Protein chains: 2
Amino acid sequence: MTRGGGKRPTIYDVAREAGVATSTVSRALARPERVNAATREHVLRVAERLGYHTNQLARALPSGRTRTVALFVADITNPHFFGIIRGAEQQTRAAGCTLIVGDTEESPELEARNIERLSGSVDGFVIAASRMSDADIRKLGAEHRLTLISRQVDGVPSAIVDHADGTGQIMEHLASLGHRSVVYLAGPRRSWLATQRWKVISHSARELGMAATRLGPFPPAVRGGAAAADAALARGTTAAIAHNDLLAIGMLRRFADRGVGVPGDVSVVGYDDIFGADFCSPPLTTLAGHFAEAGRRAVDLLLGARGEAPRGRGAAQVVLPSHLVVRESTGPVRAGAKRPEKNL
Amino acid sequence: MTRGGGKRPTIYDVAREAGVATSTVSRALARPERVNAATREHVLRVAERLGYHTNQLARALPSGRTRTVALFVADITNPHFFGIIRGAEQQTRAAGCTLIVGDTEESPELEARNIERLSGSVDGFVIAASRMSDADIRKLGAEHRLTLISRQVDGVPSAIVDHADGTGQIMEHLASLGHRSVVYLAGPRRSWLATQRWKVISHSARELGMAATRLGPFPPAVRGGAAAADAALARGTTAAIAHNDLLAIGMLRRFADRGVGVPGDVSVVGYDDIFGADFCSPPLTTLAGHFAEAGRRAVDLLLGARGEAPRGRGAAQVVLPSHLVVRESTGPVRAGAKRPEKNL
DNA sequence: AAACGCATGGCAAGCGGTTGCCAAAAGTTG
DNA sequence: CAACTTTTGGCAACCGCTTGCCATGCGTTT
């Protein structure tokens with residue numbers, strides 16, 4: 001088994017032991033049709049006996065194909081990304097490749113630096129919720145194989161869940177409950193999602209005859225909830241749409257602390273249907289989407305796109321359906337109560 | 001900038017452009033002391049101008065050092081591992097290396113296969129909550145650079161949070177509330193933690209004069225909670241210790257469905273203090289530990305251990321402190337009620 | 001002034017595969 | 001049986017960087 005004295009056996013060892021040339025070994029391993037069945041069989045047996053394993057590095061050097069994909073997420077501690085990570089990991093593995101995961105901590109600089117650093121060591125990049133500008137992304141997309149999740153940029157392949165349509169669902173849900181005004185607690189300034197969502201919210205509000213206000217930006221995390229809740233309260237709205245579930249959960253907590261009833265005094269809606277959205281109190285009404293699928297599709301796009309696949313204009317933009325999960329954080333606007341004017 | 005026609009510039013390009021040998025370029029980049037300051041300055045400037053970036057693959061080939069670390073977690077969708085992943089990622093990056101994350105889906109086979117596959121492409125492995133046998137781990141530890149998280153095996157470096165001591169804290173907490181019996185809802189059969197915890201539970205129970213029962217195994221996930229809760233109920237205990245917070249949260253839900261009061265009828269304790277443990281209802285009493293730190297230390301151990309560092313017997317075993325976070329899922333045993341005999 | 005030491009930089013041999021090209025061998029065809 | 005096609009397998013040149021060893025040239029020592 002460990003013949004050769006400690007070092008891992010190479011194709012040279014296998015070739016010598018099998019009495020053939022290294023090229024034959026290489027081909028026996030990778031190009032079955034280029035070598036006689038009997039020879040191949042023999043080489044394989046010897047390789048097996050020696051405990052030979054291909055050195056991926058050496059294999060990648062000449063071709064430049066590392067069979068590795070990098071995934072960057074804006075915040076690795078946000079449960080929202082779990083689904084994405086898992087989906088991407090599965091698909092990468094299914095394609096016989098390896099996934100590298102990086103946390104960009106909401107920083108466009110860190111995104112760029114990470115890409116820089118890994119450039120040459122991976123076959124492509126998947127960025128979830130990129131904070132970079134369209135221009136920077138387009139530039140990067142021209143230089144590297146790149147796919148986006150939860151972000152659309154012309155000419156760059158992407159996979160998103162349909163949160164525009166989803167936001168419409170949210171608005172109709174709220175309208176149907178009798179709400180006449182809504183507040184959007186926005187996420188980071190550089191968040192593309194935040195911009196898109198606000199567009200749809202303000203537009204549907206007009207259509208539905210509701211008043212809509214945008215507040216923020218707030219950090220898209222539980223800790224951002226207190227300020228967001230207070231701001232919403234100050235606006236005297238009956239319905240609040242939080243940038244994501246983390247923020248929504250933080251708001252729920254603040255409302256509870258301040259004695260504001262949810263959904264009695266104010267209804268709260270989030271995005272993503274993350275772990276915990278179903279057991280916080282009250283359970284959160286939120287827009288759900290199949291993010292693991294988005295992760296899978298993004299990797300597909302990246303790996304499938306063998307050069308000829310549409311990049312540049314006409315790049316594939318996958319849009320996955322979304323659906324509103326109505327739980328207990330939204331309810332009919334209370335008949336009597338005008339607006340919650342409670343204080344701490 | 002893009003001279004050289006599309007391809008990434010190599011040290012050959014830099015050498016030619018700077019009028020020196022490639023070895024000089026290489027040294028100017030990596031061994032400042034081996035080259036004249038002026039020469040170095042010049043080479044660096046040319047490299048900069050050409051937009052040169054080291055090809056990590058080529059660099060790794062001769063040395064075998066890939067500056068990459070692989071981390072495997074038992075279940076990437078379990079929030080518990082977020083902290084570990086983030087900690088490991090930070091530390092890896094701080095060391096100028098790259099982290100690869102893999103999900104082993106609670107399968108020892110998948111662990112082994114993953115290691116097999118990445119062997120040669122990474123400098124070492126960190127396995128969190130390994131499901132492999134001690135013997136297999138020891139064997140792997142002898143062949144590869146390996147560090148464990150939440151698992152101790154003789155001769156293999158590891159970082160764990162002190163859940164033995166922590167389990168003692170839990171038991172004393174329950175005893176102080178008047179509980180005379182406790183049930184442990186065990187995790188996977190191959191979970192080392194499960195074994196350890198049960199040891200401490202049964203031992204302290206004896207010391208404290210309590211009755212202790214072990215039930216399970218249950219899948220360490222929310223979905224495992226229903227069966228676990230039912231089993232605990234059937235035992236008629238007043239206190240339940242769940243293998244982890246996921247399971248505990250699942251139990252909480254089941255108890256609520258069945259009209260069993262928590263902590264009125266039964267107290268529930270979990271492990272890990274995951275995201276959500278503070279806002280489920282009731283908020284969960286759980287054993288907290290600094291898992292991000294464990295992730296960091298594990299990577300430290302792996303990377304710091306430059307061969308000479310203790311491996312084999314005497315391998316470093318870092319133990320981080322743990323502390324009980326008492327929330328509302330535990331309370332004094334109810335005076336009147338003997339045992340909750342409620343049904344659906 | 002001869003002998004010596006040291007700083008500096010070049011040469012070239014790997015690291016472990018892949019692959020284009022060619023030659024030998026085997027199989028076909030007339 | 002000769003001429004020709006198709007397999008099959010070997011040679012050797014990369015891929016881009018590192019590094020041991022050696023040569024050069026300069027400053028130092030005696």
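Proteins get letters first, then strands, A, B, ... in listed order; numbering begins at 1 in each. Bear in mind the structure is a predicted one, so any value in this text is a computation, not a measurement.
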Touch class at under 4.0 angstrom, heavy-atom based, for A/Arg31 against every strand present: sugar-phosphate
Touch class at under 4.0 angstrom, heavy-atom based, for B/Ser63 against every strand present: nothing
Ring geometry between A/Phe125 and A/His144 (parallel below 30°, tilted from 30 to 60°, perpendicular above 60°): perpendicular
Interatomic distance, B/Asn55 CG vs D/dC14 C1' [rounded to whole Å]: 14 Å
Salt bridge present between B/Glu293 and B/Arg296 (N-O < 4.0 angstrom): yes
Presence of donor-acceptor pair under 3.5 Å, side chain of A/Arg27 and base of D/dG10: yes
Nucleotide of D/dT8, C/dA12, D/dC11 approaching A/Ala21 most closely (side-chain heavy atoms): D/dC11
A/Tyr52 OH - C/dG16 P separation (whole Å): 10 Å
Nucleotide of D/dT8, D/dC17, C/dG16 approaching A/Ala58 most closely (side-chain heavy atoms): C/dG16
Rounded interatomic separation in angstrom, taking CZ from B/Arg34 and P from C/dG10: 11 Å
A/Leu57 CG - D/dC14 P separation (whole Å): 22 Å
A/Arg117 side chain to B/Thr98 side chain, donor-acceptor N/O pair below 3.5 angstrom: yes
Separation of atom CG in A/Asn36 from atom P in C/dG27, rounded to whole Å: 10 Å
Short N-O contact, A/Arg113 and A/Glu109, less than 4.0 angstrom: no
Between C1' of C/dC15 and NE2 of A/His53, the distance in whole Å: 19 Å
B/Arg59 (side chain) and D/dG16 (base): donor-acceptor pair under 3.5 Å: no
B/Pro62, nearest nucleotide to its side chain (from C/dG17, C/dG9, C/dG14): C/dG14
Length of the CG-P vector between B/Leu61 and D/dC15, whole Å: 14 Å
Touch class at under 4.0 angstrom, heavy-atom based, for A/Thr10 against every strand present: sugar-phosphate
B/Ile11 CD1 to D/dT19 P, straight-line distance once rounded to whole Å: 11 Å
Touch class at under 4.0 angstrom, heavy-atom based, for B/Val25 against every strand present: nothing
